[in-house]
Amino acid sequence: MDAAAKRRRSESVMPRYNPAVIEPKWQKYWEKNRTFACPRLPKGRKLYVLDMFPYPSGDGLHVGHPEGYTATDIVCRYNRMKGVSVMHPMGWDAFGLPAEQHAKKTGTPPRETTEKNIANFRRQLRMLGFSYDWDRELATTDLNYFRWTQWIFLVLYDTWFDQSEQRGRPIAELPIPEEVEAEGEAAPERYRDEHRLAYQIEAPVNWCPALGTVLANEEVVGGVSERGGHMVVRTKLRQWMLRITAYADRLEKDLDRLDWSEGIKLLQRNWIGRSTGAEVDFFIGDRLPLAVSQQEEYEAWKRRRSKTGFPKKPGNDMLRIYTTRADTLFGATYMVLAPEHPFVERLTAPEQREAVRAYCEQAARKSDLDRTDLAKEKTGVWTGSYAVNPVNGESIPIWVADYVLISYGTGAIMAVPAHDTRDFEFAEQFDLPIRAVLKASRRYFGWGYVDVRPLSEWHRQQESGEICFTGDESKIRICQSEVELLDPSISINSGPYNDLPTAEFKRKIAEDLAAQGIGRAAVNYKLRDWLFSRQHFWGEPFPLLHELDDDGRPTGRVRALAPSELPLDLPAEMAFDADHDRPEPPLDKAPDDWLYVTIDGRRYKRETNTMPQWAGSCWYYLRFLDPKNARALVDPQVEKAWMPVDLYVGGAEHAVLHLLYARFWHKVLFDRGHVGGDEPFQKLVNQGMILGENGEKMSKSRGNAVNPDEVVREYGADSLRLFEMFMGPLEAVKPWSMDGVSGVRGFLDRVWRMIVDERAETMQLNPAVQVVKPSAEQNRVLHKTIKAVTADLDRMSFNTAISRMMEFTNFFLKQEPRPRAAMEKLVLLLSPFAPHAAEELWAALGHDESLAFPPWPEFDEAAIKEDTIEVPVQIGGKLRGRIQVPAEADKAALESAARAEPKIAELLAGKTVVKAIVVPGRMVNFVVK
RNA sequence: GCCGGAGUGGCGGAAUGGCAGACGCGCUGGAUUCAAAAUCCAGUGGCCUUCGGGCUGUGUGGGUUCAAGUCCCACCUCCGGUACCA
């Protein structure tokens, strides 16, 4: 016999546990029998279990991927055995920059690279025995997939957000105001474009000429590219935006209904960053620049305002600010504009022109990151003009400083240095006046700070402005020392509003400002609209055309493709040159027959930006339900039957953006009637990262990456799966350990030997396994195990479930004979975790059919009950002995049994028992004197 | 700075307010073997011990309770998120 034949013989006949043989065997069996094919519509109870689909990188899978995938697979297999209809698909988030960069280097088309990577990922996932319905596999790069991504974009483009109804509606239903109508033919179209959920702006991008690409903010460090350290230029480019901010309120409120961890919800809430406050107008006059207060004009303006009310759009004679602390208006001693604020130039006095221009230019060069990260010290410059504080008529100077952001609120603030840390720092820096308008109503002393002055003296100093604090109503800061303040603070130096607590002040001044037409309540969000275009080739093309005039220049009119004109594929013939000297998208160099279109005698140029990678992942969970549908993105009947996703598992790195974007799209689709619910993911679980064996983040460059191929070759897929679950709680961050894999492999070996006769020539049962009635103890162990494993699965506590099965195995290996029925139950319990080994053992136990669908074992509470139990006895809370008592023993019986225990009796002798605490079934504790 | 999460043996971790350290790794000793691997058995938080046991122990300091890893207060450390959001 040659070596190969010997190996073949030993592998196929010798009944040692050999995953290298049985794993491929069962994978083929499942595939051939379509064991995990999911019906079009659920039969009975449904469960939609979704993994965050991977980006198929060239490196292949690493052991972090299968963590969540194993967890969901276990949940799916467990539920199938409970008779639930389970939807469990897998696909590929396949657009992405690496394939395009590879194309620039080698000329290999991105699609080719992508398909090769997908094939490798698919092979690796199949190797791990996940019970996906592979018939539903999709990639975001499939033409048949992204035609519907484009279709959804058309829905977004065709939708405006009705604020009063808080929902998206067809753009055709947008009411056109008369004054717009009056502006002429083109005005209504322009008005509509301004209200669409998809709109265009000129936005700054980080263009890196050396790399020939536009970089994301986080790829720019200290003004140069993160990779290579090349120069990065901030330049403006026409971009598509999605109006996610319109949905900010709903995105925040609807979190309440979701079964997500509070931590993740909070992360999203903070990202959305809703705040309530007021917008207030400060008079600046119309003869600019304004050097001194124009008292008469100001009075006239105020009179006008009290008649007209607060205008929707701010005029040119005023500066509109947003504040959450309108109660500190009397403390506003200066104002600040963001350098990009449109009023900066008008407000700059001639003698300040040079300084302001230089400052703004310098600010423009800084990236957002530099502006925050490096700017420890406040910078700014005075414009030379003043505004009038509407509550007291005071003239206050207007400054320009980059600590005010153009993208938040109105891009202008009133500065209250007495009660805002940032304004305080700025005022100190530039020697601006500080006026306290709040005093604490009680004092509390923080760590290391003792203030021995009487409260009245403290208040006097606050009123005179010698000391002040920034803050909200619960925490204050006396300049730099922290002090806890429990009671609300009280207003001072605020004219008619003195002695009001903060909340009441806010309410009152909001009313008064509104009545005078100077202010109104307002809500703001940190959330920004979504920059939706990328200057890449390898992404979904926008289904949009730009109209050209006779000279080939864009007219500004946009024409959307009709849904019937989809899909719009990428051009087949593209040259990928590494040199790319303009920030314009690569598609600008697409062949003319792709780039230019003539419809009804008009020439159009296609949009050449492409969509970001987020686009495809925003709705893939819908397409899985009906992946081949050519008429709709998903059949409504199918969608209603399966949605929402009942369990969504993925990394916490997507806790904010992906989940927010997907929820946003889903709500738009809901508003427009394309889906039946307004939230896609009911329950969310974030698996923790798996670190390298050295406790560092796993990566190729650190040399601590673990390749699943190796682990499977060495130990088998079941061992890999089992170990990933045994390491610790799913949500915890935990280090890899090859010794640990070897440990769970040992467990599988033991399970195998418990059931199979290893010494036999052929596959046959261990002689100890017999059809016998289990002893009471065996039965108790069996049913305790079933109960515990079931409970652990229900709360996704996989590590403890595995340890229960280890205890079972440790016990039964010592038992002879071993009841065959008990062995079968264990195999069923094990099957979601180690499906290949379980199938093989199930077959060995004489079953012809896969164990994917037999009913999940039930436990019998009566079998678990013990006759006598051991109960600890404590004296003064310290363990002093144990007693054996009937399980049903009541308090009195327990106490007397405890007193009768010789050791306890000895220790109690001569002492007075003050109290005896007896918890039946648990413990006895004597409190003695 | 702010917001989350977590600190338990040599390591990963387990414990509805009720016997801390389940289960696994590692380690020690033994059986088996010509030997090794594999397997099996026993032990394994620390200190002390007359070998009965005793004391001590869940980041630190306080508190509540008959009883605290678990609840409360303060602090320390680590990890993650965020970054002038008015």
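Only heavy atoms go into these numbers, but all of them, side chains included; no hydrogens, no water, no symmetry mates. Quick note on labels: first sequence line is chain A, next is B, and so on, each numbered from 1.
Side-chain proximity of A:Lys878 to B:rU56, B:rA15, B:rA86: nearest is B:rU56. Comparing atom distances between the A:Arg750 side chain and each of B:rA86, B:rC40, B:rU16 picks out B:rC40 as nearest. For A:Arg880, the side-chain atoms get nearest to B:rG54 when compared with the rest of B:rG54, B:rC84, B:rC66. Residue A:Arg753 places its side chain closer to B:rC40 than to any other of B:rC40, B:rA86, B:rC66. The listed nucleotides are B:rA86, B:rC40, B:rC66; the one nearest the side chain of A:Ile917 is B:rC66.
A donor-acceptor contact under 3.5 angstrom links the side chains of A:Ser797 and A:Thr800, judged on distance only. A:Arg750 and A:Asn810 share a side-chain donor-acceptor pair at under 3.5 Å. Between the side chains of A:Tyr408 and A:Ser275, at least one donor N or O lies within less than 3.5 Å of an accepting N or O. Using a 3.5 Å distance cut-off with no hydrogens or angles, the side chains of A:Tyr359 and A:Thr379 do pair a donor with an acceptor.
With contacts defined as side-chain heavy-atom distances shorter than 4.5 Å, the pair A:Lys891/A:Val919 does not qualify. Contact of the A:Leu659 side chain with the A:Trp260 side chain is registered, since non-hydrogen atoms from C-beta on lie closer than 4.5 Å.
Using a 4.0 Å cutoff on non-hydrogen atoms, the parts of residues 799-808 of chain A near RNA chain B are A:Asn799, A:Thr800, A:Ser803, A:Met806, A:Glu807, ordered by number.
Contact annotation for A:Ser742: no contact, since no heavy-atom pair falls under 4.0 Å across all strands.
Where A:Lys903 and A:Glu870 meet RNA chain B, the nucleotide closest to each residue was compared, and A:Glu870 sits on the side nearer the 5' end. Closest-nucleotide positions on RNA chain B for A:Ser407 and A:Val927 were compared, and the one nearer the 5' end corresponds to A:Val927.
Note: A:His654 and A:His658 have perpendicular aromatic rings, judged against thresholds of 30 and 60 degrees for the angle between ring planes.
Consecutive Watson-Crick or G-U pairing (both distances under 3.5 Å) extending over three or more pairs maps onto RNA chain B as B:1-7 with B:76-82, B:10-12 with B:23-25, B:26-31 with B:39-44, B:45-48 with B:53-56, B:59-63 with B:71-75.
Centroid-to-centroid, the aromatic rings of A:Phe726 and A:Phe747 stay 6.0 Å apart or farther.
At least one side-chain nitrogen or oxygen of A:Asn810 sits closer than 4.0 Å to the OP1 or OP2 atom of B:rG24.
For the P atom pair drawn from B:rG5 and B:rC72, the interatomic distance equals 12 Å after rounding to whole Å. Remark: the separation of the C1' atoms in B:rC11 and B:rG26 is 7 Å, to the nearest Å.
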